Structure formats: C-alpha cells, structure tokens
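First up is the structure itself, then whatever we jot down about it.
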Number of protein chains: 4
Amino acid sequence: MKLATADGRSRRAEQKRSERREAILSAAERIFSQHGYHAASISDVIDAAGISRGTFYIYFDSKDALFLQLIERFIGLMTDALVVVDPKKPEPARRILENVQRVVDVAFDHPDLTMMVLRESRGLNADVDAKLDRLYGFLREMVEGALVNGAKSGLTRRVNEAVVATALIGAFKEAFLHQLVTERTRSPDRQTLASSLFEFGIRGLLVSG
Amino acid sequence: MKLATADGRSRRAEQKRSERREAILSAAERIFSQHGYHAASISDVIDAAGISRGTFYIYFDSKDALFLQLIERFIGLMTDALVVVDPKKPEPARRILENVQRVVDVAFDHPDLTMMVLRESRGLNADVDAKLDRLYGFLREMVEGALVNGAKSGLTRRVNEAVVATALIGAFKEAFLHQLVTERTRSPDRQTLASSLFEFGIRGLLVSG
Amino acid sequence: MKLATADGRSRRAEQKRSERREAILSAAERIFSQHGYHAASISDVIDAAGISRGTFYIYFDSKDALFLQLIERFIGLMTDALVVVDPKKPEPARRILENVQRVVDVAFDHPDLTMMVLRESRGLNADVDAKLDRLYGFLREMVEGALVNGAKSGLTRRVNEAVVATALIGAFKEAFLHQLVTERTRSPDRQTLASSLFEFGIRGLLVSG
Amino acid sequence: MKLATADGRSRRAEQKRSERREAILSAAERIFSQHGYHAASISDVIDAAGISRGTFYIYFDSKDALFLQLIERFIGLMTDALVVVDPKKPEPARRILENVQRVVDVAFDHPDLTMMVLRESRGLNADVDAKLDRLYGFLREMVEGALVNGAKSGLTRRVNEAVVATALIGAFKEAFLHQLVTERTRSPDRQTLASSLFEFGIRGLLVSG
DNA sequence: GATGAATGAGGATTCATTCAT
DNA sequence: CATGAATGAATCCTCATTCAT
C-alpha cells in the first residue's frame, strides 16, 4: 500500500520533474537561438521558463551543461533522421533524397534548436566541441562514403570526396540558417528546399544529368 | 631644416603608430579567431599585442570598434577578390574559377581573420550585422546572377537560384572552416581546394559534364 | 497553513530586504556627504554597508540611481516640513517660524543627507538636476509669495522679491552647511539656530522692528 | 651685448610663458565652472587651451594644483574687493554698500571663476579646503565684526552675530549662483543686485529703517 | 524540492600623470 | 621647451553560481 502510494507520488513527482526540465530546455532553445550562447544569460532562461534562479541549478549543473544537453538533443534528432544508404540496395538516390527530406524536417520542426547549433560553432566548451566534432565527423564520413560508393558504381563523377563532403554539409547548414533567419513568407517550403538541395547536391554530381 | 626634421619625426611617429595599430589588429585577429568575440577579453588582446590597457583605447574606441575594423578588413579582402563575371565576355567559367582561386587565397593568406568571421555569425553588434548582411547579400546576388545567366545561355541547368546561391556560399564557408581547423598536413593545398570546390559547385551544374 | 507560513516567511524576507536597502542608503548618505558624489566610489559604499559588490546592484540600478534616491528622500523631508502660509489666517509670522523650525529639524536630524545635498550642486545627473531645480523652484516661489503677501498686507517692507527669496534660501543653506561642518560643541543648538535665522530673515524685513 | 640679447630673448620667453599659463587658467576656469572639478578632465582643459598634454604639466604640477591656483585667484579678487569698515570713520553704511558693489562686480566680471568656486565646496583637496576655510573665516569675521560694531554703536539690532554672518555670506553666494545660472535677460543687472542685497542684508538689520 | 538573496571574480572603459623624442 | 604616445590603477557594472530558509 505504502509503496503503491509512494510509487504514485513519485511517479507524479517524476513527471513534474520531467516537465520542468523540458520547459527549461524549451525556453533555453529559444533564448540561445535568439541571443547566442554568451549573450544569453541564465536570467533570460529562467525568466522565459518561469522558474527561479535556484531551481535552474537543481535541473542543470551549469549553463554549459544546459547547452550541451541541447546540443545532444540536436545531434540525436539528426542522427535519427539519417539512414546510412546501402549501395547494394535498390534506388540509392531515393534513399538519399529521403535522408535530405528528413534532415530538412528537423530544421523546420526545430527551428530554434537548429539555429542555435548553426549560430555558434566551435570553442564554447570542450564537451560541446567533442560532440559536434563527432556529429560532423559522422556526417562527413556518411557523405564521403556515399560519394565513394557512387563513384565506384559509376553513378557519380569522381571528386575530391573529403572536400565535397564538407562542402555539402556547409551547403545544408547555410541553406537552413538562411531559411530560419529569413521571414517565412519569402522563403521556400520544406518540400522545395529539400528537392532544391537534393538537385543541387546530388544531381549535379551524377554522371548523366 | 626645422620643418624637415619635424616632418621626419612625425613621419616616423606616424609609421610607429600605424605599426602598433597593425600589431593590435593582428593580435586581435588571432585572439578572436581562437576564442570568439565574447570569450575573448581586451586583456587577452593587449597581452597578445604586448601593450598596456590604456594604450589599446588610444587606438580603438571599444572592443566593438576593434571587431568591426577586422570585419571590414575581411569584407574588403573578399570584395577585392571577386570580379563580377560578364556572361558576354569569353570563357565565363574560367573567370569564375579565378574568383574561386582568389577567394581561397584570402582564406589561406588570412586564416585567423577568416576563421574569426566564420565562427561568429550575426548578433554581436548592429554595425557588424549590417556589414555582414551587405557582404552576404552581395555574394548571394553575385552567385544568383551567375546562375541565372548560366541558365539563360544554356550553359547550366535550371535550379532554384536563391537556394543554390545560399548553398554554394555555405559550401565555401564550411570548406574554409574545416580547412582552417584541420592541421595543415592532412588538408588539401589551396590549388586542390580551389579546383575541388569549383568542380563541385560549377561543373555539377553544367548541362553536359 | 501553508499560506500563513509562506506569508510569514515572505514578510520576514521583505523586512530584511527593506532593512538592507535602508542600510545601504544610510551608508551612502554618510559616504556621499563625506567625499562628494564623484570621489565616493561604490566600493566605499559597499564597504560601509558591509555588503558585497553584487548585492549593491540588487538593490540599486546604478550609482546614479542611489544618489537620486537620496536626493528624493531629502526633497521629501523638506517638502513635508514646509507648510504654505496663508496670509489670511492669523499669526502668519508664527507659521513661518514653525516652518523654519521644522526645516532646521530636518538639517539636525539628517545631517549627512543635508550635507550631501548642500555639497553637490548641479551637473551630476540630469534627473537629479531636474529634481533639485523643482525643489528650489518651489522654495523660491514659496518665499517670494510670502514676501509679496507680506508687502501687500503692509507687514513687510518692499524688496526685490526674487533676489531676496534666493538670498534667504542661500542664508539657510550656508547656515546649515556651516553648522554641520563645525563641531557640535562650538555651534548653536537647533532652537537658537532657528530663532536666529528667523530673526535675521523675517524680523529684518518687518516694517516696524 | 650678448647679455642684452639673452635678456631680450628670455624676456620674450618669459612673456610667452606667462601668456600660456594665463591661457590655461582661463580655459580651466571655463571648463571647471561648466563641468565641475571631477567631471572636468585634463583633456578638456588642454583642448580648450589649445596646448598639448605634456605642456600642461610643464605649467602645473597636477590637476589639483591648477584648481588651487584658480581658487587663489578668486580669493585674491575677493580679498581685494573688501575693505574693512572702520566704525569710527564717517558713513559706515556707505562703506559697506561699496563693499557689496565691489563683490558683485567680481561675480559679474569673473562669472566662470565665481561659479566654479560656488559649485564645488569642500572636500576636493586639503589645500583647497584650507584656503577656502581661511577665506570664509575672514569673511565671517569681517561681517561679524561689522555686526558687533553696529550693535555697539546702536546702529543695528542685536542678533546672533555668528549665525547671521554665516547666513549673510550664504545669501550672497546663492544670489550669485542663481544669477550666473539664469540667463542674463531674466536676471537683474549688477546695480540692482547690489542694492537689493544691501537693502535685504543691511537695512533689515538697522534699528530704524 | 523550490526559492531568491548574496556573492565576487572578471569585464570594459577612463584618466591623471610620465617620459622619450 | 613642447609634444603626445604610453601607462596602469581605479571605476562602474554583470552574471554564473551558491546556500540558508
């Protein structure tokens, strides 16, 4: 009985905890994306989240830890969105387009988080740097692999895979950043953006247009 | 005689002034590129420049003014490097390659300055924002114009010019950033980088490979 | 119950806040009166108040805001002390004497605050200037009105009211300043000061001694 | 011959020195009266005087020394303006009026200097304090003496001489300050001011108007 | 757990004064 | 003598973090 009660209580408590945590993260996403890491203060975040100063430090160890958490969230979303394309399976180009579409979805569904990540790059914190390095390393290897496979199978032209992989990542980053900064009305919808990027990035590399 | 002496003296003084100013700018370039605008303190800059606290403020009005100066320097270098390509003149692709080579040269010749600009994006200061907006606007229009002209003359495929222009700029930014972060030995030389970027960006868009 | 506790807690907190604020104001009164606005540093104030650097800025927005607060306090005390004398009511001279006594009381009861105000005059801060201008304007008008009324009713001699009003205010200011600077033992008590000033300022102006 | 030349040269040099010194003092008068001691910077003074930073320190040891110099100048002017009134000589009241007129002349002829002295009072510097204390002590004694003599000879009423002397000084100070702050057009001319102050200060104290 | 007052290291900037030229 | 670049102590203020209630 007691246990059950305790369980129920703790479950409710657990949920409230989790909701609060989420509220802070969500507020921080907005604040960081608007002002950038340094210009955003903990005061901004707690005001936006509607909590007190002390409470923040119950949920997060530090400003850095909060930021890292958001970075990890973004990395998770991106990692989930991307499926490594097996060149032996049919229609690899279609798989790649689907990847592009899912990545564009992440940017459109989480504009603040995406902007936050794209605004600040390296140098804020060693942990963040390491995580982002791993993400970008993963992305580069993925793209590079696709390029190598494409060339092997005669689908794509030979290029400097390392450079082109990096360039492609940059192309997406800038497209997203510009998309998120520009007012909605004057910028393409997600479908157009995805296909335009795919066209540009992939079609251009095909041996035969 | 007196005038000559005075002239000589003031000329020497003028030169020393200008050297100091340059020394501060150069130190700041390094510091800002390493730590980013906010994390870099005036103390870091004056230590690196080997001057005293007060001396800094003789040469620059504020931290913001110093940063703006460097931004302007970068913008000047980029603007000088780029020549608008006239589609009626012969060999437009070659003119574009030359632009790419000169832009790559800027990144290689001014690695700290370039990294500084690529690290921080918008939001530090209204003046800086305005200047960068103008630079990127100029770049986008330039690339977009080239794409439109290319399509008109039947040289390149039709694409969403706005998106592709932005993506191309991002491609260069990321390539430079990666280049500057990675150790020299493992990264391509400027010739390779330039031609790889050109190949990727332009060849891919040609109607016939 | 919960509310009551919370209430009690917040009431105590509220009181402590208010006490601290008062402690800072009181320390600042002393510091400003001793060194003057410019020569007094925030460090001096926080040392005297026994608080930390940051704490000061919880209670006051800036050094200026603190000073303004004290100025307002003084203005409030003076304004409360003075009752406009209605010439139609009986014994106007007595009402004036009572005003003088109350003003002297303010100076004796708040020596630091009074000295602070008398030391610094205009030019520290636009807000302060405006407030003081209004105070002195009010004082001048009050005295001038009394002089005009006195002359009308034939009680006092005709004088240049504007000049004499200003002069009378200066007479009080200097008397207070001198009083507060001189050691207690060698200076008159408040009763003597009040009646001497009254005698000088008012009796002298009466038509018949 | 040589000596004569040297003499001529040094005399000219001496004169130039003295002119420069005067230019600095004159500029400082203006600057100090406008901004007050603390808010006025050496930069302001040298800009107004049209000299270089280093030159200033050839002519004055420090900012304090400059200010002290001006204070001394003011004290000299005031001291010269005032003639101790011998009660045995005829027409003492007229001698007093002449004193008042000469003091008013000092204020009108040296508005910046006068305002400078009246704005800042004590606490800037020990030397300045001492000099001003001596001046005010002299003034108080002079007025007090006159009051005592006046009472002795039956000319004036008996008052608290110490308080009234201080009050009279304050009356003049405030009248001057107000005069110098207010625009010329709306304020009395020197004749009116002098007679109004005399009327107020002295006539009021006479046994028979 | 929640609160918010308190802390103090650190940051940008100013300015009187010095001194090599 | 004149100059003005250089100095660095001192000032105001911010903000991430702690901790008693």
Side-chain angles (χ1 to χ4, degrees), chain A residues 10 13-14 16-17 20 38-46 50-66, chain B residues 5-6 8-10 12-14 16-17 20-21 38-46 50-66, chain C residues 5-6 8-10 12-14 16-17 19-21 38-46 50-66, chain D residues 10 13 16-17 20 38-46 50-66:
Chain A
S10 73
E14 178 64 29
K16 213 182 162 194
R17 253 192 81 80
R20 269 220 159 153
H38 278 106
S41 72
I42 293 292
S43 292
D44 293 335
V45 173
I46 65 176
I51 58 166
S52 80
R53 215 162 194 68
T55 302
F56 172 80
Y57 284 91
I58 295 170
Y59 289 90
F60 295 93
D61 281 347
S62 67
K63 189 185 180 184
D64 271 28
L66 170 65
Chain B
T5 312
R9 195 187 286 168
S10 70
R12 232 179 305 130
E14 177 63 29
K16 221 184 156 191
R17 258 192 78 80
R20 265 235 154 143
R21 198 186 161 78
H38 277 108
S41 72
I42 293 293
S43 292
D44 292 336
V45 173
I46 65 176
I51 58 168
S52 79
R53 214 151 205 76
T55 301
F56 172 79
Y57 286 94
I58 296 172
Y59 289 89
F60 295 94
D61 281 346
S62 65
K63 190 185 178 182
D64 269 30
L66 170 65
Chain C
T5 312
R9 196 186 286 169
S10 71
R12 232 178 308 130
E14 178 63 30
K16 221 185 156 193
R17 257 191 78 79
E19 276 169 15
R20 265 235 156 146
R21 197 184 163 79
H38 276 109
S41 71
I42 294 292
S43 290
D44 293 335
V45 174
I46 66 177
I51 58 169
S52 78
R53 212 150 206 77
T55 301
F56 171 80
Y57 286 94
I58 294 172
Y59 289 90
F60 297 93
D61 279 349
S62 65
K63 189 184 179 184
D64 270 30
L66 169 66
Chain D
S10 72
K16 214 182 162 193
R17 255 193 79 81
R20 265 214 162 157
H38 278 107
S41 71
I42 294 293
S43 290
D44 293 336
V45 174
I46 65 175
I51 57 165
S52 80
R53 215 159 195 71
T55 302
F56 172 80
Y57 284 92
I58 295 171
Y59 288 89
F60 296 93
D61 281 347
S62 66
K63 190 183 179 185
D64 272 27
L66 170 66

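Protein chains get the first letters and strands the later ones, always in sequence-line order, with residue 1 at the start of each. Just so it is clear, the structure is predicted and the values come from calculations on it, not from any experiment.
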Starting at atom CD1 of D/Ile46, determine the distance to atom P of E/dC15, rounded to an integer number of angstrom.
12 Å
Could you walk me through whether B/Phe56 and B/Leu66 pass the side chain to side chain contact (heavy atoms under 4.5 Å, CB included) check?
CA-CA 10 Å; B/Phe56 172 79; B/Leu66 170 65; 3.6 Å; yes
From B/Ile42 CD1 over to B/Arg53 CZ, what is the distance, rounded to the nearest 0.5 angstrom?
8.0 Å
Report yes if at least one side-chain N or O of A/Arg20 is closer than 4.0 Å to OP1 or OP2 of E/dA2; otherwise report no.
yes
Distance-minimising heavy-atom pair for D/Ala40 and D/Lys63
O-NZ, 2.8 Å
Which parts of nucleotides 9-16 of chain F does protein reach within less than 4.0 Å, heavy atoms only, written one letter per nucleotide 5' to 3' as B for base, S for sugar-phosphate only and - for none?
BB-BBBBB
Sorted by chain and number, sequence neighbours left out, side chain to side chain contact (heavy atoms under 4.5 Å, CB included) with B/Asp64 holds for B/Tyr37, B/Ser62, B/Asn125
Let me know the distance between NZ of C/Lys16 and C1' of E/dG4, rounded to the nearest Å.
12 Å
Can you tell me if B/Arg21 uses its side chain to pair, donor with acceptor, with the backbone of B/Tyr59 under 3.5 Å?
yes
What do the steps show when you test B/Thr55 against B/Arg20 for side chain to side chain contact (heavy atoms under 4.5 Å, CB included), and what is the final call?
CA-CA 10 Å; B/Thr55 301; B/Arg20 265 235 154 143; 3.8 Å; yes
Stems for DNA chain E (at least 3 consecutive Watson-Crick or G-U pairs, under 3.5 Å) come to E:2-21 with F:2-21
Whole-Å distance between F/dT17 C1' and A/Leu66 CG?
14 Å
C/Tyr59 OH to E/dG4 P, straight-line distance once rounded to whole Å:
13 Å
Please state how far atom CD1 in B/Ile58 lies from atom P in E/dT13, giving the value in whole angstrom units.
15 Å
Check the distance between E/dT3's P and A/Ile51's CD1 and give it to me in whole angstrom.
8 Å
For A/Phe60, report the nucleic acid contact type (base, sugar-phosphate, nothing); a contact means any heavy atom under 4.0 Å.
nothing
